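Beneath this line is the structure, given in structure tokens, with notes to follow.
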Amino acid sequence: MVQLFKFLKNYIPFVILIVALLILQAICNLTLPAYTSDILDVGIEQYGIENAAAVELSDDTMSELELFMDDADTDFIMDSYHEEDGIWYLNDDADADKVSDTLELPMVMVSNLSSASEETVQEMVTSAMPEYASVLEDTPIYELGDVLGIDLEVSDNDGEVTVNLMPLVESMYESGMLDKSTLISMGDAVTEQFGDSSELFLSSAAISFVNSEYEKIGVDVNAIQRSYLYSAGGKMILMTVLMSAAAILAGLCASYVAAKNSQDLRGKLFKRVLSFGNTEIDQFSTASLITRSTNDIQQIQMTTMMVLRMVLYAPILAIGGIIRVVRFHTGLGWIIIVAACAITGLIIVLIFVAMPKFRIMQVKIDKVNLISREFLDGIPVIRAFGREKHEEERFDVASKDLMKTQMFTNRVMALMMPCMMFVMNGVNLLIIWFAAKGMDEGLLQVGDMVAFMTYALQIIMAFMMIEMLAIMLPRAGVSANRVQEIIDTEPSIKDKEDADSHEKEKYEGRVEFDHVTFYYPNAPEPALRDITFTAEPGQTTAIIGSTGCGKSTLINLLPRFYDVSEGEIKLDGTDIRDISQKTLRDQIGLAPQKGFLFSGTIESNIKYADDELTDEEMRLAAEISQSTAFIEDEADQYNSTVAQGGTNFSGGQRQRLSIARALAKGAPVLVFDDSFSALDYKTDLALRKALAEEHGESTVIIVAQRIATVLHADKIVVMNDGEVVGIGTHEELMQSCETYQEIARSQLSEQELAANGGVN
């Protein structure tokens, strides 16, 4: 998987931009639950009142609050408010948070004393005035004010009697019966009474007091609530828009990087394969190279996009969610830790179980591709021999083998989703269970629980993203290694640093094989042994021999499809290994044994070697190759469509177009590797005659198995079992070479042998 990330090193600026966008997206995403919590707790439960820093307070209320503040707090509050017409207004530049912290406890004390229960009144009065204890015990609560000479407000709400003790407290404070320290210590006692929940209790009670104060002085609480809800809702909409924009831009950038990376990899792979000799092609196999160029790179592209969108986003979201959860101080963080550990362990186990299978899977895809290509290419042979059933069974075996591997990995990965759902639902259950206890004890609010649950789910979702990618990353990692293996493979045939790279006009075309021996890779015996002969310009050199004697292998050494194991091949006296491959191949017009055509048109195929080839040169090449007749029979002639592989032409037509393509190149060396085999004798003769007339100065090398094709060659090289067993003209070989004589007797009648210099 490391290789997958190495591919991204050229796109670091884009990756940084994507990370920045993902951070913005995560910030917006993590902010939304906080707004939801605020809407529930502040906007609905607290009527939009955020804290105890009341915007307006009546003069009476301010006086009551001062009783429970020390001198420093009183001075601070007086500096934070200003009085107009009996109403104290919060200054615009006041520190609202500090004002709220200062006023919370005094507001709670005033609120409690303004609606004290009958028992509280009895206890307070008795403790403050013990001399009246016996009298007060027998005094009804409604007459207590008359006894004390104070106007006490007594309320009866559905049988629950409450008394406003603030007039009594003020009276006792003014008379010296209560001092500031006593009143402040009363507030401290209340704080201690509620313990850990005191902070939440004080805040809620103070806000409730502010709400009552607003109603008393005529402030529109509904307007405050609406304003807060609109503000919080507007911020949520803004965050959602920003989050969506960041997600869209990050997705676009990730898609671009993934597509561009795949394009670059495909280009590198294609360029590297083009530089391969036949050795490397044989090493990897055509089917595997196709799989690596298509399926593997597709896996890399898809996973790269997911990595940039999810693998990078998941830890950002998880870390941000954990930070948010820690700030809540709910004591439920252990639930997140347990869930994260469970998910991480699950991912690690699944990756280690499935990873080896992904490598095997790609190899088995190679196998399926190989059989598919053989089936498609060999349909005529399969049908001719009635082997459809055999091929179906062969493909079925490979397909089922791949299916079993895929089923194993899919089953392993399928375990993840139910496990993840179990963890997610378990987390929800634990949060609700323990949060309910916290709310019952006054440690949590409903909004806090909802926000915590949302953050917990976001953290789990982040791990789920990583888990989903655990399905893709191992396979993509295997694909990345397979692609890199091709890119890292150095071609066995390379140009020397000082290789000759002159244009083709420098060379006349004299080809010399000097004691050439060649071994195929890992072969114990040589395919060619001590081959020595020279092909001169202006002459036709023919190579003939039985099937498998090494003719095509010898020809493949000339353009350096393979390099010689021993000896040298020289072009105009220069070892071809001292000439750059491009320059060398510019000197050779090769018509291969298989007349392969590219999809396109007849014109594009003939002009394949040189796009600047004129139409006259193209028509001349077609005329020499005896292709003109069937080309002109086509409706669009040279613009006629050529199907993939030239399947809409016969074998002889494909060979002639392949020969025309080689001739159109205008190279000093023309090589025909058994290119006349599909031609009838008349066409063969006409083609060779035209070739001699138009390219008489070229070095012509013809590989053939038919005596008629090489009969009039200036030099015939006879091969047998990888060795040269005879060199000379037809007449000379008929006198001196037994192998050539056997070939001649097998193909020519006695009369033809006699007419062409038969054996003595």
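Quick caveat, the model's predicted, so the values are computed rather than measured.
With a 4.5 Å cut-off on side-chain heavy atoms, Gln587 and Leu571 count as touching. Under the 4.5 Å side-chain criterion, counting only non-hydrogen atoms from C-beta, Leu269 is not in contact with Leu265. The side-chain heavy atoms of Lys271 and Arg266, taken from C-beta on, include no pair separated by under 4.5 Å. Between Asp575 and Asp578 there is a side-chain heavy-atom pair separated by less than 4.5 Å. Residues Asp97 and Asn51 form a side-chain contact, since some pair of their non-hydrogen atoms from C-beta on lies under 4.5 Å apart. Within the 4.5 Å cutoff, side-chain heavy atoms of Arg585 are placed close to those of Phe561. Taking the side chain as every heavy atom from C-beta outward, Ile569 and Arg577 never approach each other to under 4.5 Å. Side-chain contact between Val564 and Phe518 is absent, with no heavy-atom pair separated by less than 4.5 Å.
Taking all atoms of both residues into account, the shortest heavy-atom contact from Asn605 to Arg661 is O-CD, 3.1 Å. The two residues Gly589 and Ala667 have their closest heavy-atom pair at N-CB, 3.5 Å. The shortest non-hydrogen separation linking Leu242 to Cys28 is CB-SG, 3.7 Å. The nearest pair of heavy atoms linking Ala250 to Leu21 is N-CD1, 3.6 Å. When all heavy atoms are compared, the tightest approach of Ile297 to Ser293 is CD1-O, 3.7 Å. The heavy-atom pair separating Leu317 from Leu30 by the smallest distance is CD1-CD2, 3.9 Å.
Interatomic distance, CZ of Phe395 versus CD1 of Ile371, reported as 7.5 Å (0.5 Å rounding). Within the model, atoms CG of Leu17 and CD1 of Ile12 stand 13.5 Å from one another, a figure rounded to the nearest 0.5 Å. In this structure, OG1 on Thr294 lies 10.5 Å from CG on Leu289, to the nearest 0.5 angstrom. Atom-to-atom distance recorded for Asn261:CG and Met305:CE is 13.0 Å, nearest 0.5 angstrom. To the nearest 0.5 Å, atom CG of residue Asp401 and atom NZ of residue Lys367 are 9.5 Å apart. Remark: Ile237 CD1 to Met239 CE distance equals 12.5 Å, nearest 0.5 Å.
Side-chain N/O atoms of Thr553 and Tyr520 include a donor and acceptor closer than 3.5 Å.
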Mind running salt bridge (charged side-chain N to carboxylate O under 4.0 Å, His left out) on Asp264 and Lys260 for me, showing each step along the way?
CA-CA 6 Å; Asp264 292 345; Lys260 190 68 171 64; 3.1 Å; yes
Does the side-chain contact (heavy atoms from CB on, under 4.5 Å) test come out yes or no for Arg292 and Glu485, once each step is laid out?
CA-CA 10 Å; Arg292 295 175 198 234; Glu485 184 182 7; 3.0 Å; yes
Step by step, work out the side-chain hydrogen bond (donor to acceptor under 3.5 Å, both in side chains) result for Asn29 and Tyr313.
CA-CA 11 Å; Asn29 197 0; Tyr313 184 62; 3.1 Å; yes
For a side-chain contact (heavy atoms from CB on, under 4.5 Å) check, start with the C-alpha distance between Leu597 and Ile602, then their side-chain angles and the critical distance, and finish with the verdict.
CA-CA 9 Å; Leu597 300 179; Ile602 292 175; over 6 Å; no
Could you please spell out the steps behind the side-chain contact (heavy atoms from CB on, under 4.5 Å) verdict for Arg309 and Gln25?
CA-CA 11 Å; Arg309 283 293 292 116; Gln25 179 186 350; 3.7 Å; yes
Please evaluate residues Phe14 and Leu308 with respect to the criterion side-chain contact (heavy atoms from CB on, under 4.5 Å), reporting the C-alpha separation (whole Å), side-chain torsions for both, the decisive distance (0.1 Å), and the verdict.
CA-CA 10 Å; Phe14 280 99; Leu308 294 176; over 6 Å; no
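A donor-acceptor pair under 3.5 Å links the side-chain atoms of Lys665 to the main chain of Ile588, judged by distance alone. With Ser231 contributing its side chain and Ser227 its backbone, the two residues share no donor-acceptor pair below 3.5 Å. Of the possible donor and acceptor atoms, one in the side chain of Ser262 sits under 3.5 Å from a partner among the backbone N and O of Ala258. Not one N or O on the side chain of Thr583 forms a donor-acceptor pair closer than 3.5 Å with the backbone of Ile579. Listed for the Ser604 side chain is a donor-acceptor partner under 3.5 Å among the backbone atoms of Thr601.
Between Tyr608 and Phe598, the ring planes lie parallel to each other; the angle is under 30°, not in the 30° to 60° tilted range.
Under a 4.0 Å N-O distance rule, the pair Arg560/Asp563 qualifies as a salt bridge. Between Asp396 and Lys400, at least one side-chain nitrogen of the basic residue sits less than 4.0 Å from a carboxylate oxygen of the acidic one, meeting the salt-bridge criterion. Asp586 has a carboxylate O that lies under 4.0 Å from a charged side-chain N of Lys582, or vice versa, which qualifies the two as a salt bridge.
When the shell of 6.0 Å around CE of Met407 is examined, it contains 12 or fewer heavy atoms from other residues, nucleotides or ligands.
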